[in-house]
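Single-structure report; data block below.
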Amino acid sequence: MTAAWRFIRKYWWIFVAAASAIGITLFFLFLGDGSGEQERPKSDFKAIADKEVERIRLEGEIEKARVSARAGARHEELDAIEELGKDDPVEARERLSTWLNGNL
């Protein structure tokens, strides 16, 4: 027991340094440095997946409409709807539905 106390008295600074290192590590681990790296993305994965599914459905419907469309002007209208579908697939599907009802 006396050997242990002698070791502690001789090397007390090692214990202080280790406790400081652990304390600093825990401080930065739990409180962070305030950077914005831990923020969640604005849109969640479900919304991204839903948008991709709508885009794929739109592509299929446009290809079906392209097969049935014969004139070049109709293809240009479908191209415009397809471009709109890259940003807003739901609106593009609505326009495609209106176009299909009016043209076929």
Is there a side-chain contact between [X] and [Y] (heavy atoms, below 4.5 Å)?
X: E59; Y: E54; result: no
X: W13; Y: F15; result: no
X: I62; Y: R66; result: yes
X: L26; Y: I22; result: yes

Fill in: Heavy-atom closest contact (R55 atom, G85 atom, distance)
NE-O, 3.7 Å
Fill in: Closest non-hydrogen atom pair between A65 and L96, with its separation
CB-CD1, 4.3 Å
Let me check something: do [X] and [Y] share a hydrophobic cluster, defined by ILVMFWY side-chain heavy atoms less than 4.5 Å apart, either directly or through other members?
X: F7; Y: I14; result: yes
X: I81; Y: L100; result: yes
X: F45; Y: I56; result: no

Practice prompt. Give a yes or no on whether the backbone of R93 and the side-chain of S97 come within a donor-acceptor separation of less than 3.5 Å.
Written response: no
Discussion item. Please check this pair: side chain of K51 against backbone of D87, looking for a donor-acceptor N/O pair closer than 3.5 Å.
Written reply: yes
Discussion item. Please determine whether salt bridge (charged side-chain N to carboxylate O under 4.0 Å, His left out) holds for the pair R95 and E77, giving the CA-CA distance in whole Å, both sets of side-chain angles, and the decisive distance to 0.1 Å.
Written reply: CA-CA 10 Å; R95 284 194 185 177; E77 292 173 10; over 6 Å; no
Discussion item. Let's go through L84 and E91 carefully: what are the C-alpha distance in whole Å and the side-chain angles of both, what is the deciding distance for side chain to side chain contact (heavy atoms under 4.5 Å, CB included) to 0.1 Å, and is it a yes or a no?
Written reply: CA-CA 8 Å; L84 175 66; E91 174 68 25; 3.7 Å; yes
Response to the item:
One should read off an interatomic distance between D44 CG and D50 CG, to the nearest 0.5 angstrom, of 8.5 Å
Worksheet item: Could you give the distance from CZ (R9) to OG1 (T2), rounded to the nearest 0.5 Å?
Response: 8.5 Å
